[in-house]
2 protein chains.
Amino acid sequence: MSLKHALLGLLSERPASGYDLLKTFETSLANVWPATQSQIYTELTKLAGSGQITVTAEGPRGRKEYALTDEGMTELRHWLTETRPQRNTRSDVLLRVFFLGVLRPEQAREYLTGLTEMSREGYEQLRQLADSIDWDDDNLSVYGRIALEYGLRFNAMRQEWAEWAAGQIK
Amino acid sequence: MSLKHALLGLLSERPASGYDLLKTFETSLANVWPATQSQIYTELTKLAGSGQITVTAEGPRGRKEYALTDEGMTELRHWLTETRPQRNTRSDVLLRVFFLGVLRPEQAREYLTGLTEMSREGYEQLRQLADSIDWDDDNLSVYGRIALEYGLRFNAMRQEWAEWAAGQIK
DNA sequence: AGCTTACCTTCCACTGTTGACATGTCGAGT
DNA sequence: ACTCGACATGTCAACAGTGGAAGGTAAGCT
């Protein structure tokens, strides 16, 4: 259950409302930990109930601004430093590869070239995102850039792999 | 809901019991689509109910052997060829990177060197797995090798990235 | 003044996933 | 004869995640 930690992490940077956080999840966090509106509001209510965040201001349209409490910060640090065991990741992209044998070779190759294309597009999107941000030297920039670099390398790796794989068939 | 398709895919190769499938999930499929015993048995019952698989034999300890029906094969092919939109993948490994700024630089670096190590180990395990299998030219071997190559490249990429990232801090 | 768009939250039904508990059988070795 | 480990299945409570309905307010444009 890392949604909780994603929220604590975002609130550690600055106070925000559910709506603000939702926007962040739709943009910068979408590729790492997607979350829906219903999930976010539910989790905020729970976190507020357990004292890890509090309402610091109420705005115009019933807007509630949340901020991290000391307790929440402790939990966030604990998650970052103590809990090593990373959960196994599921990949339906790769799962399909296992069963491509039930298709005709040209169909299988088609799937892999589709992956090549998808990775190329992913790479380009991240490139553009990187160019559109003016990075400075604060924490957010440093670690944001590191995460983005991961995305670039991942897509490049997958593209090369898919091209190689398509060549392996038949 | 790809567990369903994972089961159909495995049964497309040969008939198997829930127990057999569980073993496969614990070994070869563990890195791609982990599943628990309860999930597998529940899903098998549902698939049998909807006619995509059938019981072909009953063995010693109440063992039931399932096989794919034509309907199941159709569904499997459909999933492989028609359903492109791949679900977004969640990564708690990367999520943490976003929030490493709340830690002291040396703690953040520690996290990244931990990832380096994890990736190195992952690479080695797959290397050993690759060596222990004697590959031939059937479908299972061809696509199994392709999937394994993905794992090798992924771990190599992540290791290099984590080393680079550790160097970026401070 | 009226309309539209963006802002903002809550609730609910459904599916997927986890972990534990319950139950029992067969085969091999002592 | 006994026991232990592998074989084998089923069920349940709890939590995580999806998608959508419902309801409402403020701000900006014409």
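Numbered from 1 within each chain, the chains take letters A, B, ... in sequence-line order.
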Counting only pairs under 3.5 Å, give me each side-chain donor-acceptor contact of residues 123-133 of chain A, with atom names and distances, residues two or more places apart or in other chains.
| residue | atom | partner | partner atom | Å |
| --- | --- | --- | --- | --- |
| A:S132 | OG | A:L129 | O | 2.9 |

Pairs under 3.5 angstrom only: tabulate donor-acceptor contacts from the side chains of residues 1-9 of chain A to other protein residues two or more places apart or in another chain.
| residue | atom | partner | partner atom | Å |
| --- | --- | --- | --- | --- |
| A:H5 | ND1 | A:M1 | O | 3.4 |
| A:H5 | NE2 | A:E75 | OE2 | 2.9 |

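The pair A:E149-A:R153 counts as a salt bridge, with a side-chain nitrogen and a carboxylate oxygen less than 4.0 angstrom apart. Ion pairing between a basic and an acidic side chain is recognised when a charged N comes within 4.0 Å of a carboxylate O; A:E26 and A:K23 show such pairing. Salt bridge present: B:R63 and B:E65 bring a charged side-chain N and a carboxylate O closer than 4.0 Å.
In this entry the distance linking CG of A:L44 with P of C:dC8 reads 14 Å, nearest Å. In this structure, CD1 of B:I40 is placed 15 Å from P of C:dG16, rounded to the nearest angstrom. Nucleotide C:dC14 holds its C1' atom 12 Å from the CE atom of B:M1, rounded to whole Å. Atom P of nucleotide D:dG17 and atom CG of A:D92 are separated by 17 Å, given to the nearest angstrom. Put simply, CZ on A:R90 is 12 Å from C1' on D:dG17, counting in whole angstrom units. Summarising the geometry, the separation between CD on A:E26 and P on C:dC8 is reported as 13 Å, rounded to the nearest angstrom.
Near-neighbour residues of DNA chain C inside residues 49-58 of chain B, defined by a heavy atom below 4.0 Å, are absent. Proximity of residues 3-13 of chain B to DNA chain C (heavy atom under 4.0 angstrom from any strand atom) is not detected for any residue.
Under the side-chain contact (heavy atoms from CB on, under 4.5 Å) criterion, B:E163 pairs with B:T116, B:Q159, not counting sequence neighbours.
Following chains of ILVMFWY side-chain contacts shorter than 4.5 Å, one cannot reach A:Y41 starting from A:L21, and the two form parts of different hydrophobic clusters.
Using modelled atom types and a 3.5 Å distance limit, the side chains of A:S50 and A:Q52 yield a donor-acceptor pair.
Here A:L152 contributes atom CG and A:M157 contributes atom CE; the two are 12.5 Å apart, rounded to the nearest 0.5 Å.
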Practice prompt. Could you encode protein contacts along nucleotides 6-12 of chain D as a string, one character per nucleotide from 5' to 3', using B for base contact, S for sugar-phosphate-only contact and - for no contact, with a heavy-atom cut-off of under 4.0 Å?
Written response: -BBBBBB

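The minimum heavy-atom distance linking B:T69 with B:G51 is given by the pair OG1-O, 2.8 Å.
A distance-only check finds a donor-acceptor pair linking the side chain of A:W161 to the backbone of B:I146 [under 3.5 Å].
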